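Reminder, nothing fancy here: chain letters follow the sequence lines and each chain counts from 1. Keep in mind that this is a model prediction, so the values were computed, not measured.
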Amino acid sequence: MNKTVNQKAWFFVLPVLVLVAFNAIVPLMTVVNYSVQETFGDNIFFWAGIAWFEEVLTSSRFHASLGRQLTFTFTILAIEVPLGVIIALAMPRKGPWVSVCLVLMAMPLLIPWNVVGAMWNIFGLPEIGLLGKTLNVMGFDYNYTRQPGDAWFTLILMDVWHWTSLVVLLAYAGLVSIPDAYYQAAKIDGASSWSIFRYIQLPKMKRVLTIAILLRFMDSFNIYTEPSVLTGGGPGNSTTLLSIDLVKIALGQFDLGPAAAMSLVYFLVILLMSWIFYTVMTRNEDQ
Amino acid sequence: MAKINLSGLAHSYMPNPSSDADWALKELNLEWDDGGAYALLGPSGCGKTTLLNIISGLLTPSHGAVLFDDVEVTALPPEQRHIAQVFQFPVVYDTMTVYDNLAFPLRNRGVAEDIVRKRVEEVAEMTDLSATLSKRASGLTADGKQKISLGRGLVREDVNAILFDEPLTVIDPHLKFQLRSKLKELHHRVSNTMIYVTHDQTEALTFADKVVVMNVGEVVQIGTPEELFEVPQHTFVGHFIGSPGMNVLPCTVENGEAIFAGRRIEAVNAAGVSPGQAELGVRPEYVTFAPDGLDARVTRVSDAGRFSVADIECGASRLKMLVREGTEIPAENARIAFDPSSTRLYRDGWLCGRNAAS
Amino acid sequence: MPGAALRRANAIQNICYSWTTGRLGALMALELKQVGKRVAGETHVYPTDLVLERGSFNTLLGTTLAGKTTLMQLMAGLEKPTTGEIWFDDVNVTGRPVQKRNVSMVYQQFINYPNMTVFDNIASPLRVARHSEDEIKKRVGAMAELMKISAMLDRRPSELSGGQQQRTAMARAMVKDSDLILLDEPLANLDFKLREELRDELPRIFGQRNCVVVYATTEPSEALLFGGKTAALYEGRVTDFGATGKIYRHPRDLTSAMVFSEPPINTANVRKTEGRILMNENVTWTAPAGLPDGAYTIGIRPHHISPITRDPEAVAIEGTVKVAELSGSESMIHFDAYGDSWVSLSHGVHPFDAGERAVLYADVSRCFYFDTNGKLVAAGGGHTEH
């Protein structure tokens, strides 16, 4: 509503525009360029049409890593969102413990991603890691470097540890913005705690949860650093998520064409799924 | 429906209140009849919301007891007191329809669906919500939402009292007027005990049979709207009720007579008042132009439509008078008089000879 | 005598007003020429012509969503009009951003800098304009005096009452000698009595300034008490504009009369034949002179209907009481009669039970006659100048 008309403002936006151009638009165009060309080195390129796209879309390797990616993303969403909401509900809303809880919650978010990967890498080692050793002492045959199931377990546990806080913080922000009158009215109406959650807290958290789910979806679909440091995609290809596979093709095998086509498909999948998420979740809002 | 007694009630938000100012609510005793319409009226911070929260059970008083139908409920939480409350900002369950909103308190109490339907339709009819029953509650305007809040109280048959916490704050003036008379009308129909908290005298006076006027944590006067208007027990009540408020003019008392602007002024309660400084209280409604009155000067006239408010200088005092439509305002040599049956003496704020006066 | 002086001042102002409409432009300040605003295919303000002079107090009166705030934002330059031009002192300022117009605004919410003292809050526009500290001290002091907050200059806004916070915001708006001061329902969030107090002071506070003051409100009583000029707004249109008393007593049309009436004006359909007005067979009265035969809608304000009367000309209306609101000094009686809802507002305490049959008396000499197009044709028993 309060738009200020000031042409000078454009000058302040200009540096960002330049930055975005070099950061996003130019590389994206380069990728588009690679995706329709074939090269045998020496900077000689041939027109390849949509051949790379056909190859990517029909390749079983792509299907497998896409499948692993979807499994990973939906598993962590299914754990992190409810868990985040539960923790947010359990946090105190007033008093000195609020800041303590908030700091504790924010801590995992402050740790660099590769450090998180390295931490869990050591943490899970069966011989010396606290987690790995403990599990083995307790009688579990746990070894994430050898057994695919254990690798998945560690990978998901790491992500939940790292990112549930984000959902907690967003959900908490939604919760504290609910005026006291709502809780008072619900008490007077004789509502159960489940009803209070279902009809007051959840609807009021909906907006922030939408943002949380979108962010977690996009981030987890893009995830590279942590699994790459933790398992490097192994054992075998069992934890090779899309991004890891992409790097293998592009930088491992230097197949620029297929890698470019794959990253475009990858990008479109994220775009499409984010759009679907967003539309579904905001569908009932204006009515 | 219940009779409400507040006995020896006092509250402080501090653990060890020492001075007078530490008390948000000074000791008070009240008795409210079953089915009455009451208002708590006062400026912000006067303790009216504290008192309301004590009645609803959101706050436990430091002293005293709250009794519903002679049963002590002081320690009971809101949900066990069988009260309903309409808040300042409309509270509706956004994701539910209007129907489900109204049905919510009954369903929570396990009432059978056919009875729910009957009660909801009855209440929707009373509150003019029938046409919107199938709509989402979030789509309604502020006044519609307040009707839902009220309706959730009305559907229950076990309600002891309905409490209103400045319910018309967010409503447009022309709808305010409609909703206000609707509340009054509903009170006649459902005969619930209703308690209405507000800083707006018009709302309090038109809604309530009895008004409790509060100031800095203290009940200043309890009375019918007419009593508050005609015989304010304190200059605060005189000022706070009426628009513009009562004129309070410094005067002296000699031989049981009030002297103001060098003339003897007749006042209802002058007899027996000890000599000295006092204040003369007279409402703008009871100041008139009179040929043999006090010398005065009209400094400003503001048009309020159905009447005008004249600012008057009389002696060393300034006062306001209400001039009815069609009355000529003299430009020069104005003379004013006070209606003797509505002019009273006050000392230290309180009405002189308080019991004799009313 | 002030009464006479006031009348003289009004007369002068009226002459100036006719000059300005004659494009002399000496006193002219803010002029809207066919200014309209559409957002996403929805009209918020229809093309509007309005001339607001320097030294005048103008009230925009209308319900929520009538377009008051949009109109103010257009005047301030916070929004660009989709049609029309805005002129200030004979300069076209339509595209000029708000920073380059000398405008102040006061909002419904009490907007102050929370971490500054009241003094620094009021001084902030002067510091931006790089006035000397001596000058700032002088002007802030004078403004605080005027707004009665001199004792609070060292406090922070959070330590003030709502009324004092709004006084601070108003002082900040006025301290920099703006050409245009816009007040958007500034008293709406205040307690009843604080509102009354400030309402009483505002005309005095703004009285001596050589700027255009525009005040938006939803309350007819505020517009009346401020005097000055009033623009009645209804659904994005200015339906009437002029001296407040005149707009109230001679509304241009039915819509304007409804906007400018609290409680709402009573209306009923009547016919005029053979020198008499007929509401139905039983309710009839002598028609005002010169009114042509035909169908009319009458408008009669609630305070012109009373349960008691000494006026032999008053017309009796029989109806069923819905509810009587007795405020201690006045009675507001809501009743149904002849298929319409009526409201009477009278002095004194007149109790009625709900459902009771009652006779109320309408002072028809005060009623408005609107033709079938809603235009006012007669008011208070005679023709109007409209």
Partner chain C: residue of H239(B), Q178(B), K176(B) with the largest heavy-atom pair count (under 4.5 Å): H239(B)
Can you say whether [X] sits under 4.5 Å from chain B via the side chain, the backbone, both, or neither, judging by heavy atoms?
{"X": "A223(C)", "result": "neither"}
{"X": "D200(C)", "result": "both"}
{"X": "L65(C)", "result": "neither"}
{"X": "L225(C)", "result": "both"}

Might you point out which heavy atoms bring [X] and [Y] nearest each other, and give the distance in Å?
{"X": "P244(B)", "Y": "E196(C)", "result": "CA-OE2, 3.7 Å"}
{"X": "S327(C)", "Y": "T206(B)", "result": "CB-CG2, 4.0 Å"}
{"X": "Y248(C)", "Y": "G305(B)", "result": "CE2-CA, 3.5 Å"}

Drop me the distance from [X]'s [atom1] to [Y]'s [atom2], to the nearest 0.5 angstrom.
{"X": "S181(B)", "Y": "K322(C)", "atom1": "OG", "atom2": "NZ", "value": "7.0 Å"}
{"X": "R324(B)", "Y": "H347(C)", "atom1": "CZ", "atom2": "NE2", "value": "4.5 Å"}
{"X": "R199(C)", "Y": "S243(B)", "atom1": "CZ", "atom2": "OG", "value": "7.0 Å"}
{"X": "S329(C)", "Y": "L205(B)", "atom1": "OG", "atom2": "CG", "value": "7.5 Å"}
{"X": "F236(B)", "Y": "K193(C)", "atom1": "CZ", "atom2": "NZ", "value": "9.0 Å"}

Heavy atoms of other groups near M152(C) CE, more than 12 under 6.0 Å: yes
Greater than 12 external heavy atoms within 6.0 Å of K210(B)'s NZ: no
Chi angles and distances behind the side chain to side chain contact (heavy atoms under 4.5 Å, CB included) call for H304(C), R306(B): CA-CA 9 Å; H304(C) 292 135; R306(B) 56 204 167 90; over 6 Å; no
Top contributor to chain B contacts, counting heavy-atom pairs under 4.5 Å, from L194(C), L345(C), T244(C): L345(C)
Winner by heavy-atom pair count (cut-off under 4.5 Å) against chain B, out of R204(C), E330(C), E222(C): E330(C)
N-O pairing of R195(C) and D200(B) below 4.0 Å: no
R249(C)/D303(B) salt bridge by N-O under 4.0 Å criterion: yes
Side chain to side chain contact (heavy atoms under 4.5 Å, CB included) evaluation trace for V349(C) with F229(B): CA-CA 11 Å; V349(C) 178; F229(B) 185 81; over 6 Å; no
Derivation and outcome, side chain to side chain donor-acceptor pair (under 3.5 Å), residues D172(B) and T218(C): CA-CA 7 Å; D172(B) 247 25; T218(C) 55; 5.0 Å; no
E230(B) portion near chain C, given a 4.5 angstrom heavy-atom threshold: side chain
Portion of R189(B) that has a non-hydrogen atom of chain C nearer than 4.5 angstrom: neither
Step-by-step side chain to side chain contact (heavy atoms under 4.5 Å, CB included) determination, H334(C) to K184(B): CA-CA 11 Å; H334(C) 304 249; K184(B) 184 85 187 166; over 6 Å; no
F192(C) and E203(B): CA distance, side-chain angles, deciding distance, side chain to side chain contact (heavy atoms under 4.5 Å, CB included) verdict: CA-CA 10 Å; F192(C) 191 90; E203(B) 289 174 27; over 6 Å; no
